[in-house]
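Only one structure is covered here, and it is reproduced in the block below.
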Amino acid sequence: MKPHQSTFFDGGKRLQMTESIELAIQSLQAYGPDHPHWGIAWSGGKDSSATLTMVIWLIDSGRIKAPKTLTVFYADTRQELPPLAIAAQQIMDELRERGIQVEVVTAPMDKRFMVYILGRGVPPPNNNTLRWCTRQIKIDPMEQALRERLDQLDGQILMITGVRQGESAIRDRRIEMSCSKDGAECGQGWYQQVLPNAKGLRGRLATLAPLLHFRVCHVWEWLKHWAPQEEFGDWSTAMIADAYGGDEAEEINARTGCTGCPLAAEDTALNTILLNPQWTYLQPLTGIKPLWRELREPQHRIKKAGLERLKDGSIAKNPQRMGPITLEARLMGLERVLGIQAACNTAALAQGRPQISLINPDEEARIRALIAAGTWPDGWEGDEPAADTVMPIVYQNGAVQPLLFSAEEAS
Ligand code: SF4
């Protein structure tokens, strides 16, 4: 391998790129031969793209032994940042040209992020509520795809993931679920920890994170400077690094996840993309994150009127809790997202740039049908009061604090 120097790698104490790759080879050599079938969980983000392209290069160049079968599972959440979605399409072409089986894994229609929120009315996730999105749009569909693949195979699958913990991984061998740490990629920790224990997969799935020890600078170095070279596989990975800030990607250290992720403090990745003149036409996408915030506001939701008895007979902990999004607000949200999509695509056409798909025609039709049918999430009927209705406060013990002034008194 040609020595590859970079200003990233000064300081002596840091692992060098070649040493990092050598460790990846060792982990694949140690665990790979025990498993005839390999799968690679790939989201199009930086860590899993680096893992995918490196593993294939290591196989192609004879540095590790090829498994009997290799399946790449591309987790298409329909929420990917457009430059990443485009890069993923190109990499998929490159994989298929090599004869590698690629499966595109997408959540069923009613579970997709846009359809679940705008059609069914479930509020967008935030940091204080149950985070339903990662499981629903990434983990569950991957579980299902793996079950189907396992039905076609004998024995176990070794699932290779892009989990990365940096140098600390070598010391403490911890895998964190958090996707906010060190610009980590949303979902990868879940693939590593949750999937092997999933129903129907227990005992049939082992996981391996060969880039666990990679520092984030190694990932960028690979994607931007190494993988695009013919000797390392000639991969279309530079676009991924460019989307995240090119040579400044390490400093920016944007988290990899959905466009307008409601859980990220800032849309750092999108903002970085918009600094690139090629992608400024995607500026309207900055309207998505505020929309999710707005749809969580009381004026767009309904609430329980008082004490709520749960299915098991117990009383819910939070009387008068806020619930789903009203039908009107869902329509407003749908029109807003379609407007953002149309604005991007009008500019794309004018500039000869790629168009984007936030909500495709099938998804739009499904959202409209769910709204028209008055669909509400489980436990809600739709006749509950608007969440901004002023009402006497009900406590969990049943005590009621009346309003100081009733509506009649006030008028
Ligand atoms: S990136 Fe954000 S919105 Fe997307 S699955 Fe992860 S937490 Fe949910």
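Whatever order the structure lists ligands and atoms in, that order sets their numbers, starting from 1. Note that these values count all heavy atoms, side chains included, but never hydrogens, waters or copies made by symmetry.
Ligand 1 lies less than 4.0 angstrom from a heavy atom belonging to P262.
Atom numbering of ligand 1 starts at 1 in the shown order; those under 4.0 Å from a heavy atom of G257 are 1 (S). Listed by number with element, the atoms of ligand 1 under 4.0 angstrom from any heavy atom of T134 are 5 (S), 6 (Fe), 7 (S).
With Q156 contributing its side chain and G203 its backbone, the two residues share a donor-acceptor pair below 3.5 Å.
Looking at every heavy atom in both residues, L211 comes nearest to A24 through CD1-CB, 4.2 Å.
Both tests pass for R353 against the ring of W279: distance under 6.0 Å to the centre and angle within 45° of the axis.
Residue S49 forms a side-chain hydrogen bond (donor to acceptor under 3.5 Å, both in side chains) with just one option from W235, W42, W222, and that option is W42.
Taking backbone and side-chain atoms together, C258 has an N/O/S atom less than 2.8 Å away from atom 4 (Fe) of ligand 1.
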